[in-house]
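Structure first, then comments.
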Amino acid sequence: MATRNIYKTAVDEDVQPTNTCPECDGRVTTNTHETVCDDCGLILSDQAIDPGPEWRSFPEDQSNPERTGAPLTPSLHDQGLSTTIDKHHDGKGRSLSPQKQRQLRRLRREQGRAQCSTTRERNQMRGFYEIRRIVSALGLGRSIRDQTCALFTTAQNEDLLHGRSLEAIAAGCVYAISRCNSLPRSVAEIARFAKCNEDSVRNAFAVLNTELGLPTPPPTPRQFIPQLASALCLSPEVRHRAVEFTEQARKQGIDNGCNPAGVAAACLELASNDAGEHVLQCELAAKADVSTATLRNHRDALAEKLVETQ
DNA sequence: ACGATTATTGCGTTCTT
DNA sequence: AAGAAAACAATAATCGT
């Protein structure tokens with residue numbers, strides 16, 4: 001429980017408003033890892049300028065020995081601090097004698113074994129590999145990836161992996177972190193890329209959530225608008241309108257107990273119809289992972305309420 | 001493609017032991 | 001208090017236009 005708050009990364013604390021989003025003119029926020037548009041979810045840059053020292057070494061300047069090496073990353077089990085032994089050259093770039101090469105080959109083999117000496121470390125490597133794979137397949141940013149890896153480590157420390165598949169825990173971590181960051185992906189979407197079924201992902205998330213007490217608020221329809229609008233190439237106006245509709249839906253309480261993605265899809269349909277940008281129901285429903293019937297039901301219920309309030 | 005009707009599923013409530 | 005069951009709402013499937 002001591003590590004509870006590490007998932008709340010800089011998103012809340014170090015946020016500094018910068019300029020506006022080129023796509024929708026929405027407000028843009030930057031944390032330590034990436035710059036994201038609040039309105040459309042567009043990631044403007046996940047290669048933020050690093051104010052730290054250069055990652056170069058200057059052999060002639062011996063006074064500054066710490067200015068070497070690659071930046072640390074939590075998504076590698078050794079945080080990127082691995083040692084590699086070259087095959088053909090020594091530290092100064094000279095080529096090696098065959099005897100030395102043989103010796104170094106043996107050293108390299110032992111070093112490789114030492115790098116993940118325990119099953120714990122091996123599991124962590126496999127878990128991180130899986131996380132990196134899923135996160136990049138979903139198009140989520142570096143910040144999400146690093147938070148997910150941190151959560152995975154915590155899960156490992158709390159002994160939550162016993163009897164569960166590593167792949168399921170990794171996928172569950174991705175799901176949990178995406179939700180904690182208000183960038184919800186459906187379990188189905190994650191399971192599509194994960195090496196396990198939906199139930200395993202759900203179960204893994206449930207375990208993480210209860211055992212670690214994650215700050216996971218229920219997903220709201222609003223959070224689904226950006227990704228859906230972007231997937232269907234809808235205009236910023238439609239997107240803004242749809243967000244307003246989600247607010248209406250919330251006030252009227254018609255999203256209670258409903259799949260938020262379905263409500264979001266209905267809001268988008270109404271908004272796009274208003275703007276004359278016609279979207280096929282089946283496409284909208286497919287992107288939101290709901291049936292067209294559900295989409296229509298929500299749309300009609302919402303339309304009724306909207307007429308009443310006018 | 002869209003709409004209406006019917007079937008299924010999931011879940012909180014209520015009843016029983 | 002714990003489990004079973006009837007009940008309801010959300011969602012999906014199917015058929016008709």
Side-chain angles (χ1 to χ4, degrees), chain A residues 138 164-165 168-169 171-176 178-180 182-194 196-235 237-239 241-310:
Chain A
L138 289 167
R164 279 179 264 271
S165 90
I169 294 287
C173 288
V174 176
Y175 178 69
S178 70
R179 278 205 22 195
C180 288
S182 298
L183 293 167
R185 296 294 189 277
S186 69
V187 175
E189 206 173 343
I190 288 176
R192 219 170 282 151
F193 298 108
C196 59
N197 58 29
E198 279 188 43
D199 288 340
S200 308
V201 180
R202 250 186 273 276
N203 176 265
F205 168 71
V207 169
L208 292 167
N209 203 20
T210 53
E211 296 293 322
L212 301 177
L214 296 182
T216 41
T220 63
R222 205 215 123 113
Q223 294 169 350
F224 285 88
I225 297 290
Q227 61 193 83
L228 286 175
S230 139
L232 295 158
C233 305
L234 293 167
S235 69
E237 293 77 41
V238 169
R239 190 168 50 225
R241 200 77 207 282
V243 169
E244 287 170 25
F245 287 157
T246 61
E247 293 300 315
Q248 289 289 327
R250 190 181 52 78
K251 279 183 197 145
Q252 301 284 339
I254 58 173
D255 57 350
N256 271 355
C258 299
N259 178 357
V263 178
C267 291
L268 269 173
E269 191 188 352
L270 282 174
S272 63
N273 285 346
D274 276 6
E277 293 180 35
H278 280 287
V279 189
L280 286 176
Q281 247 180 34
C282 54
E283 279 187 42
L284 195 44
K287 295 284 180 200
D289 260 331
V290 295
S291 71
T292 54
T294 306
L295 179 54
R296 282 192 295 275
N297 286 339
H298 288 315
R299 182 202 56 194
D300 295 343
L302 188 60
E304 206 176 306
K305 289 291 176 188
L306 288 174
V307 170
E308 271 181 33
T309 51
Q310 271 165 13

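Lettering of chains follows the sequences in order, A, B, ..., and the numbering in each one begins at 1. Any value given below was found using the heavy atoms of this structure, including those in side chains, with hydrogens, waters and symmetry copies removed.
Counting only residues at least two apart or on different chains, the ring pair (Phe, Tyr, Trp, His ring centres under 6.0 Å) pairs with a member in residues 205-225 of chain A are Tyr175(A)-Phe205(A).
Using a 4.0 Å cut-off between charged nitrogen and carboxylate oxygen, Glu247(A) and Arg250(A) count as a salt-bridge pair.
Residues Gln223(A) and Ser182(A) bring a donor and an acceptor atom of their side chains to less than 3.5 Å of each other.
Bounding nucleotides for the chain A contact on DNA chain B, 5' to 3', at a heavy-atom distance below 4.0 Å, are dA1(B) to dA4(B).
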Is there any protein nitrogen or oxygen under 3.5 Å from a nitrogen or oxygen in nucleotides 8-17 of chain C, and what are the pairs?
{"from": "dT11(C)", "atom 1": "OP1", "to": "Asn259(A)", "atom 2": "N", "distance (Å)": "2.4"}
{"from": "dT11(C)", "atom 1": "OP2", "to": "His298(A)", "atom 2": "NE2", "distance (Å)": "2.8"}
{"from": "dA12(C)", "atom 1": "OP2", "to": "Ser291(A)", "atom 2": "N", "distance (Å)": "2.9"}
{"from": "dA12(C)", "atom 1": "OP2", "to": "Ser291(A)", "atom 2": "OG", "distance (Å)": "3.3"}
{"from": "dA12(C)", "atom 1": "OP2", "to": "Thr294(A)", "atom 2": "OG1", "distance (Å)": "2.9"}

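Here CG of Asn273(A) is found 7.5 Å from CZ of Arg299(A). Values are rounded to the nearest 0.5 Å. With rounding to the nearest 0.5 angstrom, the CZ atom of Arg241(A) is 14.0 Å from the CG atom of Leu234(A).
The two residues Pro184(A) and Gln227(A) have their closest heavy-atom pair at O-OE1, 3.1 Å. For Ala265(A) against Leu228(A), the heavy-atom pair with the smallest separation is N-CD1, 4.1 Å.
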